[in-house]
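This report concerns only the one structure given below.
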Amino acid sequence: MADGLVLHSRGPSAMEPSRRGFLVTMAAAGAVFGFPQQGLAAMDPAVAGGTPMQAAGARFEPTIWYWIDTRGRVNVNVIRAEMGQHVGTAIARILADELGAKWDDVSIEHVDSAAKWGLMVTGGSWSVWQSWPVYRQAGAAGRVALAARAAELWGIDPAAVTVVDGLISGGGRSASFGEIVALGISRSFTEAELKALPLKPHAELKLVGRDVTALDIAGKTTGQAIYGIDAKVESMLHAAPLLPPTRYGSRIVRIDDGAAKSIKGYRQTLSLDDPSGTTPGWGMVIADSLWAAHKAAAAIRVEWEAGEAARVGEADIQNHARALIADETTGALLETGDNDVAPFFARAADTVEAEYTTATVLHFQLEPVNALAFRNSEGIWEIHSGNQWQSLALPWLEKALGVAPGGVVMRSYMLGGGFGRRLNGDYTVPVALASKALGGKPVKMVMTRPQDLLFDSPRSPSVQRLRMAFDKERNVIAMDTAVAAGWPTKAMIPGFMPKGVNGVPYDPFASDGADHWYSVGAQRVRAISNDLAESTFRPGWLRSVSPGWINWAVESFMHEAAVKAGKDPVQFRLGLLKAEGRNAGSAPDAVGGAARQAQVLVRVAELSGYGKGKPAADSAIGIATSYGQARSMPTWVACAVQLHVDRKSGHVDVQKIWLVVDCGIVVDPDGAHAQCEGAALWGLSMALCEGTEFENGQVRDRNLDSYTPLRMVDTPEVVVEFVESTEVPVGLGEPGTTVIAPAIGNAIFEAVGVRLRHLPITPDAILSALARSRS
């Protein structure tokens with residue numbers, strides 16, 4: 001997922017909707033937030049069963065983001081979903097470092113969906129970037145309050161008190177956090193005082209940027225961590241879905257469950273009526289066990305009236321995109337400065353134009369989507385499931401169940417992979433509806449892999465047209481980009497869409513990347529919604545979202561343009577990466593602008609040995625660069641890929657990948673490396689292996705026998721280097737995916753002289769391109 005609501009603002013109102021939580025005050029011992037005894041939830045992933053830590057004695061809550069007890073333990077509240085990226089460890093260390101806590105005393109708690117937590121979303125590589133100012137301020141509030149209380153007790157100046165490694169010292173005396181908390185703290189801060197709280201200089205940070213023990217490793221490696229698929233309550237029933245032939249517009253005409261009645265444990269089949277419109281045409285098979293539910297579902301016969309998308313295929317979607325692009329009046333115009341490119345193309349000495357496309361891509365997260373729903377003894381609907389965007393799913397659930405805001409709570413669990421699929425919490429709605437139909441009884445649904453894929457929110461297929469104009473000296477004077485795809489934000493939360501300069505709303509998640517940092521003279525970017533795609537399926541946010549297809553086109557096209565201009569591809573890019581005008585950058589997140597992108601590009605060329613020595617036959621190094629997810633939070637990345645092309649089979653052997661990354665301060669070094677390595681391999685998988693097509697309104701590939709991601713045997717060496725920086729930390733979960741495909745495409749061109757413009761790049765496509773080049 002990429003940037004959205006906070007595209008143009010990261011101030012307190014956008015990031016901290018509940019600033020009242022920053023009041024520093026005394027908190028007496030009381031009930032700690034937790035789950036009902038009948039429920040299991042991965043609240044604290046560091047302990048078996050996920051049960052959150054209970055406070056010992058009094059509990060001091062400097063802010064809503066953490067508390068300290070009389071044993072000096074610091075419990076950090078985390079609103080981000082944990083799906084393998086160790087986000088809790090990263091966030092907790094930010095707070096603990098500013099607070100001056102001892103790392104061994106820190107624990108984390110993944111909280112519920114209560115309104116006080118504000119916007120709950122884990123995507124877009126936002127988590128650390130958004131958490132950095134919030135949790136540092138929270139840590140500073142606690143540090144100042146503890147120091148002030150100690151100074152008061154000891155009769156000294158607060159300026160003489162230090163807070164280091166869980167110990168408060170001054171005037172020859174010292175006390176632990178727990179000892180001060182036990183004596184009671186009573187202090188509050190005005191908003192102005194909060195903003196004026198001193199933050200530590202970067203040189204004084206002792207946890208940020210250094211390796212620490214991750215707080216969730218043990219549970220993951222021993223199998224004790226609790227995931228959504230593990231959720232259970234007493235007397236729960238099990239459900240298996242009956243999926244309609246189209247995502248939209250289908251209606252159940254008749255259900256014949258005669259053959260299912262002989263299956264032990266089968267109870268009944270529900271035809272769901274969904275007021276939220278999330279799952280039209282669904283049936284749900286209810287049984288006493290998971291296997292009975294799925295066995296019965298296979299025996300049930302359903303007659304549906306299918307929606308219009310039953311006749312739609314991939315080619316229809318792509319041809320519709322081309323027609324939209326051809327209509328110059330379509331789309332939103334992004335802010336790019338001078339977007340009147342027509343005069344420059346009219347007088348250009350030369351031009352280059354190309355079309356780039358990508359296929360539909362599926363999420364295929366390890367854990368299939370699942371949910372458990374019931375109405376508790378207080379009349380509140382509980383939804384137990386791993387989810388990346390609770391704030392998005394809650395209104396759907398409330399509408400489906402017919403309850404007011406606050407009538408539904410989502411409990412946090414570990415995610416067995418997310419990659420953007422669980423940003424869309426649509427899978428929770430039919431389970432809640434099934435529970436409602438059964439009087440609020442607990443119902444749990446676990447999809448099979450094929451069902452998960454049929455109900456996926458895939459990355460939309462895309463079509464892009466790019467044009468560039470040159471003057472007589474081969475200087476770039478204009479660039480024109482049009483990109484058409486299904487828009488996930490339009491489908492799920494249109495209120496997040498800003499307006500282009502022509503007043504037309506656009507989806508940032510479907511256009512990020514097109515508004516690049518190259519200075520190309522006049523520049524027009526048209527972002528176009530493919531309405532046929534959106535009526536056929538529900539487009540989703542898949543790791544990196546639009547930069548995954550847009551950077552493929554932009555960086556491949558930059559190589560094409562360099563060849564057209566007769567220039568080295570790296571030098572051509574460097575000539576356009578000028579830190580001036582709108583590309584100069586700005587504080588706090590984009591300091592340095594295009595100059596920082598140029599820096600990582602120079603370094604990756606040097607690191608990989610690009611342009612040095614003669615490569616082996618049919619081998620080459622390809623280069624690409626990007627700024628990650630969005631101009632509002634750029635992560636500067638450059639990539640080099642070394643590969644060999646087998647002219648007989650069309651097989652591409654990727655031998656080595658180099659990534660140079662400038663993400664500002666690296667908060668969690670080990671996690672950062674893991675994120676970038678994983679991102680690079682996902683990018684490689686989508687470049688060469690992954691892709692499906694729509695046929696008759698449904699995806700063709702529904703399991704790993706035909707949809708074949710990258711295998712371990714094909715994994716190359718990956719080298720990751722981070723630029724040392726003290727700038728604001730930005731995102732790392734996704735940027736590394738987006739530079740791989742264009743680097744591969746560029747390397748293939750350098751190796752065998754053919755240009756591939758569609759993803760995935762298959763052996764057949766390479767063989768066809770080679771055959772055309774010989775004819």
Side-chain angles (χ1 to χ4, degrees), residues 228 237-255 268-286 293-294 297 300 302-310 362-363 368-374 381 383-390 392-403 408 410 421-438 440-441 443-458 486 488 490-494 534-541 694 697-699 702:
L237 298 172
H238 294 264
L242 298 171
L243 298 177
T246 57
R247 180 66 190 245
Y248 302 111
S250 289
R251 181 179 66 86
I252 292 178
V253 176
R254 187 175 64 90
I255 296 176
Q268 67 184 105
T269 298
L270 305 171
S271 177
L272 301 183
D273 178 19
D274 182 4
S276 74
T278 305
T279 53
W282 269 53
M284 195 74 92
V285 179
I286 307 299
H294 281 284
I300 292 170
V302 184
E303 179 185 344
W304 276 283
E305 180 183 291
E308 294 182 2
L362 302 172
H363 285 89
V369 293
N370 56 79
L372 164 65
F374 61 91
W381 288 95
I383 310 298
H384 292 241
S385 183
N387 187 260
Q388 290 179 245
W389 197 346
Q390 297 90 329
L392 178 63
L394 280 172
W396 302 343
L397 288 160
E398 290 161 355
K399 187 172 183 179
L401 293 168
V403 298
V408 180
M410 297 185 74
R421 172 60 184 99
R422 287 181 165 89
L423 285 162
N424 176 10
D426 52 357
Y427 50 91
T428 64
V429 173
V431 191
L433 288 170
S435 177
K436 181 181 180 181
L438 299 174
K441 292 181 178 179
V443 176
K444 180 179 180 180
M445 178 196 75
V446 178
M447 283 191 168
T448 64
R449 178 66 69 199
Q451 290 169 342
D452 186 19
L453 272 295
L454 281 172
F455 192 56
D456 194 11
S457 296
K490 178 182 175 184
M492 287 181 264
I493 187 165
E534 294 151 5
S535 64
T536 301
F537 61 97
R538 179 175 264 195
W541 300 284
F694 273 87
Q698 295 184 330
V699 292
R702 301 170 192 179

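Predicted, not measured: the structure shown is a model, and the values here were computed from it.
- Side chain of His363 to main chain of Trp541: a donor-acceptor pair is present (N/O by atom type, distance under 3.5 Å, no hydrogens or angles).
- Residues Ala373 and Ile383 come closest through the heavy atom pair CB-CD1, 3.7 Å.
- Between the side chains of Asp274 and Ser276, at least one donor N or O lies within less than 3.5 Å of an accepting N or O.
- Closest heavy-atom contact between Ile252 and Gly281: CG1-O, 3.6 Å.
- In this view, Lys436 and Trp381, Leu401 satisfy the side-chain contact (heavy atoms from CB on, under 4.5 Å) rule, not counting sequence neighbours.
- Considering all non-hydrogen atoms of both residues, Thr246 and Ala309 come closest at CG2-C, 3.9 Å.
- Between the side chain of Gln388 and the backbone N or O of Arg422, at least one donor-acceptor pair lies under 3.5 Å.
- The side-chain heavy atoms of Arg251 and Pro280, taken from C-beta on, include no pair separated by under 4.5 Å.
- Judged by distance alone, the side chain of Asn370 and the main-chain N or O of Pro368 form a donor-acceptor pair under 3.5 Å.
- Residues Ile255 and Ser271 approach most closely at CD1-CB, 4.2 Å, considering heavy atoms.
- Looking at heavy atoms from C-beta onward, His238 lies out of side-chain contact with Val443 at the 4.5 angstrom threshold.
- Under a 3.5 Å cut-off, the side chain of Gln698 and the backbone N or O of Pro245 do form a donor-acceptor pair.
- Between Tyr427 and Phe455, the ring centre distance reaches or exceeds 6.0 Å.
- Put simply, the side chain of Glu534 reaches to within 4.5 Å of the side chain of Pro539, judged on heavy atoms.
- The closest side-chain heavy-atom distance from Tyr248 to Arg538 is below 4.5 Å.
- By the 4.5 Å heavy-atom criterion applied to side chains, Asp273 and Leu433 are not counted as neighbours.
- Remark: side-chain polar atoms of Ser385 are not paired, donor with acceptor, to backbone N or O of Asn387 under 3.5 angstrom.
- Contact annotation: the side chain of Leu423 never approaches that of Leu392 to less than 4.5 Å [non-hydrogen atoms, C-beta and beyond].
- Side-chain contact check for Asp452 versus Arg702: every heavy-atom pair is 4.5 Å or farther apart.
- Annotation: salt bridge (charged side-chain N to carboxylate O under 4.0 Å, His left out) contacts of Asp426 (sequence neighbours excluded): Arg247, Arg421.
- Listed for the His294 side chain is a donor-acceptor partner under 3.5 Å among the backbone atoms of Val446.
- Between Thr279 and Pro430, the closest heavy-atom pair is CG2-CD, 3.8 Å.
- Within the 3.5 Å criterion, the main-chain N or O of Lys441 finds a donor-acceptor partner in the side chain of Ser435.
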(message) Working note: Gln268 + Leu438, criterion side-chain contact (heavy atoms from CB on, under 4.5 Å); need CA distance, chi angles, decisive distance, verdict.
(response) CA-CA 10 Å; Gln268 67 184 105; Leu438 299 174; 3.4 Å; yes

(request) Take Val302 and Arg254, measure what side-chain contact (heavy atoms from CB on, under 4.5 Å) needs, and give me the verdict at the end. (result) CA-CA 6 Å; Val302 184; Arg254 187 175 64 90; over 6 Å; no

(message) Between Val431 and Leu372, does the side-chain contact (heavy atoms from CB on, under 4.5 Å) criterion hold? Intermediate values first, please.
(response) CA-CA 7 Å; Val431 191; Leu372 164 65; 5.8 Å; no

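- Side-chain contact between Trp389 and Asn424 is absent, with no heavy-atom pair separated by less than 4.5 Å.
- Listed by chain and residue number, Ser250, Trp282, Trp304 satisfy the side-chain contact (heavy atoms from CB on, under 4.5 Å) test with Pro244 (two or more places apart in sequence, or in another chain).
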